[in-house]
2 protein chains.
Amino acid sequence: MTKIDDVARLAGVSTATVSRALRGLPTVSAATRRRVLAAAEQLQYAVSPSASRLAGGRTATVAVIVPRITRWFFGTVVEAVEETLHESGYDLLLYNLGGRERTRQRVLGTANLHKRVDAVMLVATPLRRAELAALTVLDLPGVTISSGSGVPGWPCVRIDDVAAARTATRHLLDLGHRRIAHISGDPDDELAFTTHLDRRRGYQEALRAAGIEPDPGLDVESQFTIDGGEQATVELLARGEPPTAIFAACDEMAMGAMSTLREAGLRVPQDVSVIGIDDHDLSGVLGLSTIAQPAAEQGRLAARLLLDPLDGRDLPPPGGPLILPTRLVVRDSTAPPRAD
Amino acid sequence: MTKIDDVARLAGVSTATVSRALRGLPTVSAATRRRVLAAAEQLQYAVSPSASRLAGGRTATVAVIVPRITRWFFGTVVEAVEETLHESGYDLLLYNLGGRERTRQRVLGTANLHKRVDAVMLVATPLRRAELAALTVLDLPGVTISSGSGVPGWPCVRIDDVAAARTATRHLLDLGHRRIAHISGDPDDELAFTTHLDRRRGYQEALRAAGIEPDPGLDVESQFTIDGGEQATVELLARGEPPTAIFAACDEMAMGAMSTLREAGLRVPQDVSVIGIDDHDLSGVLGLSTIAQPAAEQGRLAARLLLDPLDGRDLPPPGGPLILPTRLVVRDSTAPPRAD
DNA sequence: CTGAAAGCGCTTACAG
DNA sequence: CTGAAAGCGCTTACAG
């Protein structure tokens with residue numbers, strides 16, 4: 001393929017000038033730039049990323065690390081991030097941890113990311129001590145979305161999980177429910193994220209504010225998936241008298257809960273109300289009440305926070321975490337409890 | 001950071017030997033290899049990908065191009081591909097076309113991929129003539145999943161869309177339906193894939209085999225999304241007497257259809273049966289009958305077909321397209337038509 | 001505004 | 001099995 005020397009020869013300039021003209025640096029005369037661009041066009045020249053990266057020390061690549069790309073939240077975040085990154089000329093290296101310890105170690109436990117990317121985006125993946133140490137050594141810039149306490153020095157984008165859970169629970173309380181169950185994340189969750197802890201806290205706070213002491217028998221741990229919601233609900237029903245309402249820590253769990261309830265002959269919302277968090281694409285179709293969170297917006301904002309310093313736009317670093325708003329969406333899955 | 005010279009010095013060998021030892025080449029004595037590995041370990045050495053790629057001419061990176069990562073099929077494919085690629089030490093560059101013409105041009109219309117990746121995976125993205133020409137010039141190896149006629153020289157993994165649609169339609173015919181509507185892709189679909197053409201053909205073939213001439217009034221074009229399914233169903237209902245069954249070209253459209261039917265006061269399946277194609281994660285929850293297709297398996301197989309030649313495993317190239325099996329899954333959304 | 005030259009950090013024939 | 005040296009294709013001070 002053609003390389004920079006070919007373009008330089010055709011345009012009658014040095015390779016340094018070609019390099020500058022093609023990258024839009026200001027120190028090139030308009031006439032020269034025109035000639036270079038024409039030559040590059042004519043030769044169908046495309047820069048070699050490897051050579052450019054080695055010489056320039058920048059990769060124009062970002063690693064995006066998610067637990068599971070197939071879950072609604074992560075897919076939506078990645079889509080928004082991808083668009084923002086590519087618009088700015090950055091490549092996106094996707095890492096889907098998928099609960100695989102080996103993958104996690106390869107990505108986070110070594111210097112693998114070193115010189116491979118200019119920055120890292122960590123989505124809902126709180127780091128263990130050793131991983132944090134490894135990343136700190138690499139001294140890479142980054143941003144986290146919804147990743148627990150985050151990484152020192154990295155901005156953090158998220159929602160207020162405690163408040164979201166409080167709002168969901170209070171919605172059920174306002175409808176008159178007292179026996180409100182919670183299904184949420186497993187501490188041994190293979191995805192190892194901590195969002196569920198905050199959501200549980202909000203649930204408990206709302207109950208206590210209403211004078212109700214949380215009943216551990218109504219709190220079941222499982223995975224943040226449809227299957228997880230089904231299993232948790234099966235467990236819940238096996239424990240005895242069903243609750244009159246279930247607050248699921250995410251919409252996918254809520255959907256699993258709805259499915260299991262229906263199979264058990266319980267109607268939603270007549271017998272049991274269900275609410276989740278997310279506002280998944282299909283929540284409308286299922287009539288699921290939920291706390292909507294802006295997934296794409298979190299992705300876009302996080303990408304911007306990464307790109308701005310990389311591209312030399314030095315905004316004042318955000319003080320605390322950047323917390324985006326959530327919103328209660330009432331549909332058909334929540335109603336007052338039966339009066340019996 | 002430490003580089004290969006540091007390792008060479010500590011191990012007391014040349015950089016060439018370090019390079020060979022670290023990459024596991026056979027032409028290194030066991031003792032030397034041990035010393036090199038120990039030195040690399042001690043210095044926390046990680047190779048610079050840019051330098052390695054420039055010198056070696058291989059990027060160990062694959063571009064994966066999908067229409068929309070948030071759709072079930074593409075998310076599931078990408079997850080499987082990611083795992084297969086990373087297991088073999090390859091990076092995954094994600095391109096989400098998202099119906100954006102500019103993105104599409106940047107990725108497919110230029111030499112952008114040149115020297116950036118060793119191979120390309122094109123998912124459900126038939127190429128236009130100019131794009132095909134551009135790719136052909138780059139002379140990159142690749143594989144397609146479900147991408148129309150594919151790319152000459154690239155293996156193609158897919159299902160038999162005509163047969164899948166035939167099976168879905170026949171299922172409805174077998175239940176006794178005659179007024180069977182079809183909702184499917186738009187020829188002007190911004191995602192520009194052609195799967196819907198095959199699925200429409202299967203629908204029409206099944207009808208004709210049953211002695212029914214397809215009624216254009218029962219065939220509505222829209223997008224392959226939940227919204228698309230809703231809009232198509234609204235349109236269908238606006239055209240007059242509703243059909244007794246709807247065959248949607250994918251599960252997301254089918255879910256949109258179910259939602260709109262319910263809002264219109266029509267019960268599924270008592271008033272209208274609905275069937276899709278995919279076996280989406282949520283099809284079970286929604287009780288949607290469907291033709292299941294193995295999305296993850298298509299991704300894994302396609303990744304293998306890409307990796308094997310790159311890694312020097314030269315399998316006999318597949319003769320025709322690799323067609324994976326589909327399977328009718330009957331749930332609660334299909335039933336005989338009302339006898340009135 | 002432009003060019004000559006060094007250098008980025010590896011891998012690969014080639015020679016031994 | 002190992003090493004010296006060239007080369008991969010750019011970018012970046014530096015000088016003018």
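Hydrogens, waters and symmetry mates play no part in the numbers below; they use all other heavy atoms, side chains included. Here the structure is a predicted model, which means the values were calculated and not measured. Every chain is numbered from 1 and lettered A, B, ... according to where its sequence line falls, protein lines coming before strand lines.
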Measure the distance from [atom1] on [X] to [atom2] on [N] and round it to the nearest whole Å.
X        : N       : atom1 : atom2 : result
Arg9(A)  : dT2(C)  : CZ    : P     : 19 Å
Arg53(B) : dT12(C) : CZ    : C1'   : 18 Å
Ile4(A)  : dG7(C)  : CD1   : P     : 19 Å

side-chain N/O Ser14(B) vs dG3(D) OP1/OP2, d < 4.0 Å:
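Answer yes for this pair, as a side-chain N or O of Ser14(B) is under 4.0 Å from OP1 or OP2.
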With a 4.0 Å limit, can you tell me whether Tyr45(B) has a side-chain N or O closer than that to the phosphate oxygens OP1/OP2 of dC10(C)?
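For Tyr45(B), the contact criterion (side-chain N or O under 4.0 Å from OP1 or OP2 of dC10(C)) is met.
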Specify the residues of residues 18-33 of chain A, ordered by number, for which at least one heavy atom lies under 4.0 angstrom from an atom of DNA chain D.
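DNA chain D contact set from residues 18-33 of chain A: Ser19(A), Arg20(A), Arg23(A).
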Between Gly57(A) and Thr15(B), which is nearer to the 5' end of DNA chain D once each is assigned its nearest nucleotide?
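Checking each residue's closest nucleotide, the 5'-ward one belongs to Thr15(B).
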On DNA chain D, compare the nucleotides closest to Ala16(B) and Ala51(B); which residue's is nearer the 5' end?
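The residue mapped nearer the 5' terminus is Ala16(B).
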Does the side chain of Ser19(B) pick up a donor-acceptor pair with the side chain of Arg23(B) at under 3.5 Å?
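There is such a pair (donor and acceptor under 3.5 Å, judged by atom type) between the side chains of Ser19(B) and Arg23(B).
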Testing Thr32(A), Val28(A), Thr15(A) one by one against Arg20(A) for a side chain to side chain contact (heavy atoms under 4.5 Å, CB included), which residue passes?
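Among the candidates, only Val28(A) passes.
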I would like to know whether Arg100(B) and Glu82(A) meet salt bridge (charged side-chain N to carboxylate O under 4.0 Å, His left out); could you show each step before the answer?
CA-CA 12 Å; Arg100(B) 289 162 284 147; Glu82(A) 194 269 356; 3.2 Å; yes
Quick one: the dot-bracket string of DNA chain D, using Watson-Crick and G-U wobble pairs with both distances under 3.5 Å, [ ] for crossing pairs and | for bases paired to another strand.
|||.||||||||.|||
If you define the side chain from C-beta out and look only at heavy atoms, does anything of Phe74(B) sit under 4.5 Å from Ile145(B)?
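Side chain of Phe74(B) against side chain of Ile145(B), heavy atoms only: no contact under 4.5 Å found.
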